[in-house]
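Report on one structure; see the data block that follows.
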Amino acid sequence: MRNQNRFTTQVKKVRNRNTFVILAAGAGRRMACYGPKCLLEYKNETILDNQIKVIRLFDLNADIIVVTGFCANKVVNKMDHRVRLVENVRYEETNSIESIRLAINASIPSNLYLIHGDMIFSQASFCPDKSSPWIFVDDASRIGKGEVGVVVNKDNVSNLSYGLKEKWGQISYIPFEFFDLAKTVASQMNKNSSTFEFLNKMIKRGVKFKPYRNNKCVIKEIDSIRDL
């Protein structure tokens with residue numbers, strides 16, 4: 001097993017208000033091509049290129065971190081030069097929490113956006129309110145029935161789990177004031193934990209995530225070639 005991250009970019013010394021973490025370390029074994037889903041072509045560009053373009057439209061000066069693992073060399077060769085890269089060399093034996101941990105450790109305290117690398121989304125998928133934590137909630141059947149859902153109780157997300165009607169759009173936001181807590185929680189969790197389990201742990205630690213719904217935005221998970 002490799003024990004060194006070949007591509008990890010150093011932490012920036014100049015503070016950026018917003019850090020966007022794209023979690024793209026997985027192998028995407030359900031895809032016929034058996035390759036990184038973030039490199040699949042979508043409207044004459046890769047999913048990753050599309051994600052970066054949309055993020056830049058929302059925040060031109062955002063610090064974007066792409067966490068890669070499977071076929072890291074291929075992802076590196078497709079990278080935007082203004083994007084930072086973190087390699088999860090343990091992607092085969094860990095879940096997305098390890099990628100989150102690595103990305104946070106490579107960041108300075110900032111507003112933190114977590115995005116899965118197989119998502120297609122538009123600028124309107126990001127809530128313009130940066131004062132409160134939020135989780136994108138899809139109540140328009142755009143996310144598959146078998147995906148993680150959310151429970152909303154008294155205007156806050158109280159739990160994420162499978163088998164729920166309203167779905168999590170795999171985009172979430174953690175403001176600057178909770179950055180250190182996110183770093184602590186990520187470092188303490190089992191390495192096989194997933195992103196939604198990380199969010200549940202943050203909720204248990206007192207973070208009140210608002211549900212963000214926008215039926216006019218684009219939000220789509222790419223689970224197979226047919227989804228493109």
Side-chain angles (χ1 to χ4, degrees), residues 1-12 16 18-107 110 112-123 125-126 169-172 186 191-195 198 218-228:
M1 182 183 70
R2 289 175 292 164
N3 57 13
Q4 288 187 334
N5 294 344
R6 298 168 295 166
F7 305 115
T8 298
T9 310
Q10 292 183 348
V11 179
K12 287 189 173 183
N16 291 274
N18 298 317
T19 298
F20 288 76
V21 176
I22 300 175
L23 302 169
R29 288 185 171 88
R30 286 184 290 179
M31 302 297 292
C33 64
Y34 191 73
K37 286 195 279 187
C38 67
L39 296 185
L40 291 175
E41 186 172 308
Y42 173 75
K43 293 186 176 180
N44 299 317
E45 61 186 355
T46 66
I47 292 175
L48 181 58
D49 286 338
N50 180 262
Q51 290 179 325
I52 293 169
K53 180 176 69 177
V54 172
I55 292 170
R56 294 292 184 207
L57 287 172
F58 182 73
D59 182 355
L60 180 62
N61 298 312
D63 183 19
I64 302 176
I65 299 176
V66 177
V67 186
T68 187
F70 177 68
C71 289
N73 287 322
K74 292 183 179 179
V75 178
V76 171
N77 291 336
K78 294 287 187 178
M79 289 296 296
D80 182 301
H81 71 279
R82 295 180 298 161
V83 172
R84 296 200 291 130
L85 189 71
V86 171
E87 184 183 16
N88 179 3
V89 297
R90 300 179 61 194
Y91 69 91
E92 289 185 299
E93 59 190 85
T94 63
N95 209 325
S96 53
I97 189 62
E98 176 65 3
S99 295
I100 293 171
R101 184 188 69 82
L102 292 170
I104 293 177
N105 286 345
S107 305
S110 56
L112 187 66
Y113 295 79
L114 299 178
I115 303 168
H116 281 198
D118 57 358
M119 297 300 297
I120 299 295
F121 51 85
S122 61
Q123 185 179 351
S125 302
F126 300 126
Q170 300 187 33
I171 300 175
S172 53
K191 297 299 185 291
N192 290 318
S193 301
S194 60
T195 309
F198 165 75
V218 174
I219 190 78
K220 185 177 185 181
E221 181 185 16
I222 304 303
D223 198 39
S224 70
I225 295 294
R226 290 175 297 179
D227 294 330
L228 296 167

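Just so you know, these numbers come straight off a predicted model, no measurement behind them. The chain is numbered in sequence order, starting from 1.
- For Arg82 against Leu60, the heavy-atom pair with the smallest separation is NH1-CD1, 4.2 Å.
- Annotation: the span from Lys37 atom NZ to His116 atom NE2 amounts to 10.0 Å, rounded to 0.5 Å.
- Annotation: the span from Ser99 atom OG to Glu87 atom CD amounts to 10.5 Å, rounded to 0.5 Å.
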Would Val21 and Ile100 count as a side-chain contact (heavy atoms from CB on, under 4.5 Å) here? Give the steps. CA-CA 8 Å; Val21 176; Ile100 293 171; 5.7 Å; no
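- Between the OG1 atom of Thr195 and the CG atom of Leu23 there is a distance of 5.0 Å, given to the nearest 0.5 Å.
- When all heavy atoms of Tyr42 and Ile47 are compared, the closest pair comes out as CB-CG1, 4.2 Å.
- Interatomic distance, CD1 of Ile222 versus CG of Asp118, reported as 7.5 Å (0.5 Å rounding).
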Given Phe126 and Asp59, is the side-chain contact (heavy atoms from CB on, under 4.5 Å) satisfied, shown in steps? CA-CA 10 Å; Phe126 300 126; Asp59 182 355; over 6 Å; no
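- With sequence neighbours left out, Lys74 forms a side chain to side chain contact (heavy atoms under 4.5 Å, CB included) with Leu39, Cys71.
- Here the shortest heavy-atom pairing between Gln123 and Val54 reads N-CG1, 3.4 Å.
- At least one side-chain heavy atom of Ile65 sits under 4.5 Å from a side-chain heavy atom of Ser107.
- Here SG of Cys38 is found 9.0 Å from CD1 of Ile52. Values are rounded to the nearest 0.5 Å.
- Listed by chain and residue number, nothing satisfies the side chain to side chain donor-acceptor pair (under 3.5 Å) test with Asn95 (two or more places apart in sequence, or in another chain).
- Contact between Ile219 and Gly169 at its shortest, heavy atoms only, is CD1-O, 3.6 Å.
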Would you check, one step at a time, whether the test salt bridge (charged side-chain N to carboxylate O under 4.0 Å, His left out) holds for Lys78 with Asp49? CA-CA 8 Å; Lys78 294 287 187 178; Asp49 286 338; over 6 Å; no
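- The shortest side-chain heavy-atom distance between Arg56 and Ile64 falls under the 4.5 Å cut-off.
- For Phe121 and Phe58, the gap between ring centers reaches or exceeds 6.0 Å.
- Atoms CZ and CD1, on Arg84 and Ile22 in that order, are 12.5 Å from each other to the nearest 0.5 Å.
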Is there a side-chain contact (heavy atoms from CB on, under 4.5 Å) between Leu102 and Arg90 once you walk through the steps? CA-CA 11 Å; Leu102 292 170; Arg90 300 179 61 194; over 6 Å; no
side-chain contact (heavy atoms from CB on, under 4.5 Å) between Glu93 and Glu98, worked out: CA-CA 10 Å; Glu93 59 190 85; Glu98 176 65 3; over 6 Å; no
